[in-house]
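In what follows, a structure is listed as structure tokens, so that the remarks can point back to it.
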Amino acid sequence: MKTDPQWTLQIEQLAETFMNQTPVEIRTLDRYDFPKKGGVYAFTTIDQDECVYVGKSGDLRDRVFDVHLNGKGKSSFRQALLGLKKTRKQSPVTTFDELDDYIADNHLLRFYLIEDITLRGCLEDYLNALLKPMYSVSLSMK
């Protein structure tokens, strides 16, 4: 199958822009300052040595802030950290009570607004294939 060179270039440019963003410290995030729009996000280790999770959402505030960071819903990132999901690396977190502090103390967050659902999905898959995060697996990696 052929890929449109313009489409490939657009995804590569978006990925470069995304990765060149300065990540934010999780403890500094305020729920109401977090965008309630669609986009792609990634958790990296605090030293930015490794990407651990890449995801996408139509509502970043609900998905990232409420679900991943505060446990109000099903989060594959949180499940992986608790050892409830098969991953490439075992996490040192053993209880739900220590999970919020572990995430905030050991990870940084990048996010990028992308309203177009197709573009958002393609960028997520591209970042998963490129970065190979230990706690997430995109459909294209299965």
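Throughout, residue positions are numbered sequentially from 1 according to the sequence presented.
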Residue pair D100, R78: steps toward the salt bridge (charged side-chain N to carboxylate O under 4.0 Å, His left out) verdict: CA-CA 9 Å; D100 291 340; R78 292 173 75 88; 2.9 Å; yes
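Checked by atom type and distance alone, the side chain of R110 pairs as donor or acceptor with a backbone atom of Q21 at under 3.5 Å. Counting only distance, with no hydrogens or angles, the side chain of R61 and the backbone of D66 share no donor-acceptor pair below 3.5 Å.
For F111 and F34, the distance between ring centers is under 6.0 angstrom. A distance below 6.0 Å separates the ring centres of F77 and H107.
Annotation: side chain of Q79 is in contact with side chain of K74 (closest heavy-atom distance under 4.5 Å). With contacts defined as side-chain heavy-atom distances shorter than 4.5 Å, the pair L131/M19 qualifies.
Under the 4.0 Å criterion applied to side-chain N and carboxylate O atoms, D62 and K36 are assigned as salt-bridge partners.
Taking every heavy atom of both residues into account, G38 and E115 meet most closely at N-OE2, 3.2 Å. Minimum interatomic distance between Y112 and L14 (heavy atoms only, all atoms of both residues): CE2-CD2, 3.5 Å. Taking both residues in full, the closest heavy atoms of I46 and D105 are given as CD1-O, 3.9 Å, listed atom of the first, atom of the second, then distance. Closest heavy-atom contact between V40 and F18: O-CE1, 3.6 Å.
Heavy atoms from other residues, nucleotides or ligands lying under 6.0 Å from CD1 of I117 number 12 at most.
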